[in-house]
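Scroll down for the structure; my scribbles are underneath it.
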Amino acid sequence: MSAEIDMALHAPARLQIAAMLARADEVEFATMREVTGVSDSVLSKHLTVLADAGYVKIVKAPRDGRQRTWASLTRTGRSAFAAHMTALRELAAAAEQAVATE
């Protein structure tokens, strides 16, 4: 296997977040919470891990009278997500090959 699993992206909720962000310029916090099905505090922790890794940019701004939070993938985050997905595909292919040879 040539690509490596990225532990910052490996957690299921973080992988969901990255997949969402890969398809959009930015995604609002409430939308990420709905899709991942996690609490506000858990989502915040996952976003912090991704931001600390340099994968996500977080922007907070008032809108409709409330403070809103949006996240977007950085260029580094997009590259890391692509590499992580390659590693997962390689892992799945190796597992399928192992099962096929039994």
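The shortest distance between side-chain heavy atoms of I17 and V35 does not fall below 4.5 Å. Annotation: side chain of L47 is in contact with side chain of M32 (closest heavy-atom distance under 4.5 Å). M7 places a side-chain heavy atom less than 4.5 Å from the side chain of H10.
Residues passing the side chain to side chain contact (heavy atoms under 4.5 Å, CB included) test with A19, sequence neighbours excluded: R23, F81.
Minimum heavy-atom separation, G54 to T76: O-CB, 3.8 Å. The shortest non-hydrogen separation linking A22 to R78 is O-NH1, 3.1 Å. Here the closest heavy-atom approach between residue H84 and residue L15 is recorded as CD2-CD1, 3.7 Å.
Interatomic distance, CD of E4 versus CG of L91, reported as 12.5 Å (0.5 Å rounding). Rounding to the nearest 0.5 Å places CG of L21 at 13.5 Å from CZ of R14.
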- Let me see the working for M85 and L9 under side-chain contact (heavy atoms from CB on, under 4.5 Å), right down to the final yes or no. CA-CA 10 Å; M85 293 307 297; L9 293 168; over 6 Å; no
- V56 and T74: CA distance, side-chain angles, deciding distance, side-chain contact (heavy atoms from CB on, under 4.5 Å) verdict: CA-CA 5 Å; V56 169; T74 63; 5.8 Å; no
In a table with atom names and distances, give each donor-acceptor pair under 3.5 Å that connects a side chain of residues 58-70 to protein atoms at least two apart or in another chain.
residue : atom : partner : partner atom : Å
R68     : NH1  : E28     : OE2          : 3.0

Name each donor-acceptor pair under 3.5 Å that joins a side chain in residues 37-44 to protein atoms two or more places apart or in another chain, with its distance.
residue : atom : partner : partner atom : Å
S39     : OG   : S41     : OG           : 3.3
S39     : OG   : V42     : N            : 3.3
D40     : OD1  : R33     : NH1          : 2.8
S44     : OG   : D40     : O            : 3.4

